[in-house]
Protein chains: 2
Amino acid sequence: MSTKKRHRVTLMQVAEHAGVSRATASLVARKSPKISKDTREKVLASMSELGYVYDRVAANLRSQTSTTIGIIITDVANTFYSELLLGVHEELERHGYTVFLGTTFDSVDNQERLISTMLEHRVGGIILCPVSSTSTETVNRIKTLDIPLVLAVRELPNLDFDYVGLDYTQGAQMGVEYLIKKGHKRIAFLGGRPQSSTWHQRIKGFYQAHEIAGLTVDPSLIIDSPPTREGGTEGVKNIIQHPNPPTAIFCFSDLIAFGAIIGLRKAGITPGEEMDIVGFDNVPETEISYPPLTTISSFSKQTGMQAAKLLHERIKDNQKETQKIILKPEIVIRD
Amino acid sequence: MSTKKRHRVTLMQVAEHAGVSRATASLVARKSPKISKDTREKVLASMSELGYVYDRVAANLRSQTSTTIGIIITDVANTFYSELLLGVHEELERHGYTVFLGTTFDSVDNQERLISTMLEHRVGGIILCPVSSTSTETVNRIKTLDIPLVLAVRELPNLDFDYVGLDYTQGAQMGVEYLIKKGHKRIAFLGGRPQSSTWHQRIKGFYQAHEIAGLTVDPSLIIDSPPTREGGTEGVKNIIQHPNPPTAIFCFSDLIAFGAIIGLRKAGITPGEEMDIVGFDNVPETEISYPPLTTISSFSKQTGMQAAKLLHERIKDNQKETQKIILKPEIVIRD
DNA sequence: AACATTTGTTAGATCGATCTAACAAGGAGG
DNA sequence: CCTCCTTGTTAGATCGATCTAACAAATGTT
């Protein structure tokens with residue numbers, strides 16, 4: 001948990017070696033234009049001779065600044081989140097931040113612990129993909145400390161934070177409308193947890209599409225399950241065993257859809273022929289899956305990039321009005 | 001790039017509020033048993049009343065310790081690496097480290113920059129998946145500073161560092177032997193960069209399998225390409241256009257294999273029937289790909305966990321002898 | 001020539017914690 | 001009663017940087 005270190009070369013030693021003061025050496029390290037060419041070169045020479053490494057931690061402490069930010073996601077192994085992470089990472093590294101990573105696996109305790117650790121490490125801001133049942137206190141703790149916070153993917157109701165997400169309702173509606181247009185009348189909704197805002201938004205779209213088409217939803221075809229591939233495989237069993245099974249499944253996520261495909265195959269049902277499936281997220285794997293998965297693109301990398309941009313802006317000015325960016329979904333049809 | 005922060009509540013203020021000295025408050029923060037129950041409770045009460053947040057950065061500076069480690073990988077969006085990251089992350093968080101993430105995209109410059117940043121942030125250790133053409137100076141810089149370093153996936157020749165990887169030679173040999181056993185006599189090797197040690201090791205296994213079976217390798221069937229899906233799609237064109245095409249392809253990685261599958265389909269060739277394919281890594285997507293991909297499991301998550309363990313041990317004792325852990329590959333046959 | 005301004009440099013205090021060594025207070029042992 | 005030990009607490013120095021304000025030296029202005 002902690003490491004003893006050999007003494008580093010300090011600015012003090014550099015200054016002594018170059019025959020200048022600490023302050024001057026510090027100004028050189030910070031590329032101040034106030035330093036004459038001569039002294040600058042002298043100091044730089046001493047730095048490289050002694051193998052000096054700038055101590056950003058000490059510098060940040062003194063100057064009350066931070067060059068780090070924290071990103072908290074649900075699961076790195078889920079490509080939706082790793083794409084999002086990629087977007088955040090690219091955008092923030094360009095601005096010189098170093099990124100602390102944390103993964104919650106959808107556990108409140110983990111999330112709480114990660115936030116604490118990051119605050120203790122003086123992050124300059126946090127991008128949070130909150131777990132389903134995040135409490136108001138959790139995020140307010142960050143707000144009280146005046147640490148910029150941007151929410152992504154899941155919105156927390158009635159809280160005034162920057163947010164980047166997708167119009168999940170519209171996405172779900174598009175997916176279900178596509179299935180209805182193909183002639184399906186009994187459609188299941190598989191996966192996700194009813195506690196989460198993203199689930200509610202999708203369910204809403206699911207109902208809306210039915211309503212517009214003049215169909216009624218059979219509530220017994222709404223099956224919730226953990227938002228993992230295993231969750232999909234397990235959950236689809238309820239659909240297979242249903243006394244009056246549906247002809248198509250709209251899945252909470254691609255991950256669920258992949259799980260469902262595996263589950264259907266195990267039961268001897270050919271996905272895509274005997275049972276139509278639509279996913280959500282358009283993760284990279286959809287390109288190589290079989291049957292090719294029709295899905296709703298949720299632009300995870302874009303989400304990450306936008307969140308990073310919002311965070312960057314908020315770090316520059318913590319007083320500005322909060323922004324909510326809602327990306328528009330697109331349907332990706334693969335037949 | 002840097003953030004002004006409001007003043008935090010400090011231990012000084014907590015001490016004043018509780019009517020004790022800074023030192024006592026500090027001992028309470030560190031859960032020292034030398035503090036009497038009465039004072040401890042008094043101080044803890046003041047802490048929560050004032051909303052105190054421990055400043056690990058200041059603490060680490062004074063005590064010359066670190067509670068962070070850096071992990072540098074090639075690409076988060078590549079599931080091989082995100083699984084590895086997951087392993088590292090789980091293991092090190094258990095020991096109380098916070099993780100700095102960096103991705104190189106296989107660029108020496110990025111790698112150099114990332115290492116610098118991490119050293120500047122006083123990481124307690126680094127796990128590095130080095131880019132193909134990593135120079136000796138790069139890693140020696142870390143060694144000179146006495147910062148524990150563990151290499152993963154790619155080994156750097158003649159350098160004495162802890163290392164976790166796979167027996168890539170044996171893995172490639174297993175894959176090619178499987179194809180030969182199925183009756184293939186002309187087999188292509190697709191993807192990867194000849195600069196990297198992992199490429200050499202796989203090529204060696206590729207040749208060995210041929211030799212054992214009494215077959216000769218046609219060097220014109222060895223096609224290199226960037227280790228990405230796009231690289232696979234591009235590279236496979238050379239195979240399709242070959243005057244005397246092979247009947248099977250052994251791919252550098254699953255990613256390459258997926259790219260090759262897409263490329264073959266585009267050219268109207270049915271992968272799995274007209275052209276046999278074997279991948280390498282056993283990334284999660286292989287389960288849902290079509291045709292089901294036979295592949296060599298390279299246990300990326302295990303690799304990450306082992307690397308994290310080695311790093312943890314080395315942080316505890318930087319003098320101990322270096323260890324090289326070579327995991328054994330397994331073939332995963334999906335027909 | 002006298003004064004104001006700019007330019008480059010610096011000593012000393014400071015960020016928020018820990019470390020060192022010293023110090024009271026209380027009890028045990030002679 | 002005095003000494004020795006233990007237990008709990010603390011003042012002052014310190015980690016490696018930056019900040020403030022002050023200061024010579026060089027330059028510009030009248």
Side-chain angles (χ1 to χ4, degrees), chain A residues 1-43 46-47 50-67 119-124 145, chain B residues 1-43 46-47 50-67 119-124 145:
Chain A
M1 170 156 180
S2 81
T3 331
K4 275 280 163 203
K5 286 230 211 100
R6 230 182 35 169
H7 284 314
R8 310 188 145 215
V9 177
T10 74
L11 263 189
M12 180 69 172
Q13 296 167 40
V14 170
E16 234 161 65
H17 185 270
V20 298
S21 72
R22 284 193 324 277
T24 305
S26 169
L27 289 170
V28 172
R30 281 176 289 163
K31 306 197 201 330
S32 161
K34 299 226 153 184
I35 299 291
S36 71
K37 198 168 163 248
D38 279 10
T39 28
R40 184 172 53 243
E41 280 171 2
K42 207 165 49 180
V43 173
S46 298
M47 281 181 175
L50 299 178
Y52 172 71
V53 174
Y54 184 69
D55 192 327
R56 222 166 267 277
V57 163
N60 286 344
L61 171 62
R62 178 60 185 101
S63 60
Q64 295 288 80
T65 58
S66 172
T67 48
L119 294 177
E120 291 177 3
H121 278 100
R122 290 181 148 271
V123 290
L145 290 170
Chain B
M1 172 160 177
S2 80
T3 331
K4 276 279 162 204
K5 287 227 213 101
R6 230 182 35 169
H7 285 313
R8 310 189 146 215
V9 176
T10 73
L11 263 188
M12 181 70 173
Q13 293 168 41
V14 169
E16 232 161 67
H17 185 270
V20 297
S21 71
R22 284 192 323 278
T24 305
S26 169
L27 289 171
V28 172
R30 284 177 285 163
K31 307 195 201 328
S32 159
K34 296 224 154 185
I35 299 291
S36 71
K37 198 168 164 251
D38 277 9
T39 26
R40 184 172 54 242
E41 281 172 2
K42 206 165 50 179
V43 173
S46 298
M47 284 183 174
L50 299 178
Y52 172 70
V53 174
Y54 185 68
D55 192 326
R56 223 166 267 279
V57 163
N60 286 343
L61 171 61
R62 177 59 185 103
S63 60
Q64 295 287 82
T65 56
S66 173
T67 47
L119 294 177
E120 291 176 3
H121 277 100
R122 291 181 149 271
V123 289
L145 290 171

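Lettering of chains follows the sequences in order, A, B, ..., and the numbering in each one begins at 1.
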> With side chains defined as the heavy atoms from C-beta onward, is the minimum distance between His17(A) and Val14(A) less than 4.5 Å?
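Heavy-atom side-chain distance check fails, nothing below 4.5 Å.
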> Would you say Thr39(B) reaches dT9(D)'s phosphate, i.e. side-chain N/O to OP1/OP2 under 4.0 Å?
yes
> For Leu11(A) and dA17(D), give me the distance from atom CG to atom C1', rounded to whole Å.
6 Å
> Tell me whether the side-chain N/O atoms of Gln64(A) come closer than 4.0 Å to OP1 or OP2 in dG16(C).
yes
> Taking only N and O in the side chain of Thr24(A), is any of them less than 4.0 Å away from OP1 or OP2 of dT9(C)?
no
> Locate the shortest heavy-atom distance separating Val123(A) from Ser66(A); write the atom from each residue and the value.
C-OG, 3.4 Å
> Specify the residue among Ala25(A) and Gly19(B) whose closest nucleotide of DNA chain D lies further upstream toward the 5′ end.
Gly19(B)
> Whole angstroms only, please: what is the NZ-P distance between Lys42(A) and dT10(C)?
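Between P of dT10(C) and NZ of Lys42(A): 8 Å.
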> Take atom CZ of Arg56(A) and atom C1' of dC15(C), then tell me their distance rounded to the nearest Å.
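Spelled out: CZ on Arg56(A) to C1' on dC15(C) is 17 Å.
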> Does Ala58(B) or Ala23(B) map to a spot on DNA chain C nearer the 5' end, using the closest nucleotide for each?
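The 5'-side residue here is Ala58(B).
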> Tell me: CG of Leu27(B) to C1' of dT7(D), nearest whole Å?
13 Å
> Is any side-chain heavy atom of Leu119(B) closer than 4.5 Å to a side-chain heavy atom of Leu145(B)?
yes
> When all nucleic acid strands are considered with a 4.0 Å heavy-atom cut-off, which category describes Leu61(B): base, sugar-phosphate, or nothing?
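Contact class for Leu61(B): base.
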> Looking for any heavy atom pair under 4.0 Å, which part of the strands does Val57(A) touch: base, sugar-phosphate only, or nothing?
nothing
> Looking at dG16(D), dC15(C), dA17(C), which one has an atom nearest to any side-chain atom of Tyr52(B)?
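Of all the options, the side chain of Tyr52(B) is nearest to dA17(C).
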> Kindly point out which of dA11(D), dG16(D), dA13(D) is positioned nearest to the side chain of Arg62(B)?
dA13(D)
> Taking CE from Met47(A) and P from dA17(D), how many angstroms apart are they, rounded to a whole number?
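Nearest whole value for this atom pair: 9 Å.
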> Without decimals, in angstroms, what is the distance between Gln13(A) CD and dC15(D) P?
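Spelled out: CD on Gln13(A) to P on dC15(D) is 10 Å.
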> For the side chain of Ser36(A), starting at C-beta, report the closest nucleotide among dT10(C), dG8(C), dA13(C).
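It is dG8(C).
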> Nearest of dA17(D), dT9(D), dG16(D) to any side-chain atom of Ala59(A)?
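Nearest listed nucleotide: dA17(D).
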> Taking only the side-chain heavy atoms of Asp55(B) (C-beta and beyond), determine which of dG16(C), dA17(D), dT9(C) contains the nearest atom.
dG16(C)
> Measure from CG on Asn60(A) to C1' on dG16(D) and round the result to the nearest Å.
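My rounded result for the distance is 12 Å.
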> Thr10(B) near the nucleic acid: base, sugar-phosphate alone, or nothing, with a heavy-atom cut-off under 4.0 Å?
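It contacts sugar-phosphate atoms only.
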> Can you tell if the side chain of Asn60(B) reaches within under 4.5 Å of the side chain of Thr67(B), non-hydrogen atoms only?
yes
> Look at all strands and tell whether Arg30(B) reaches a base, only sugar-phosphate, or nothing, counting heavy atoms closer than 4.0 Å.
sugar-phosphate
> Does a donor on one side chain sit under 3.5 Å from an acceptor on the other, for Arg122(B) and Gln64(B)?
yes
> For the residue pair Val20(B) and Ala25(B), what are the closest heavy atoms and their distance?
CG2-N, 4.3 Å
> Could you give the NZ-to-P distance, from Lys34(B) to dT10(D), as a whole number of Å?
15 Å
> With no angle test and no hydrogens, is the base of dG12(C) tied to the side chain of Arg22(A) by a donor-acceptor pair under 3.5 Å?
yes
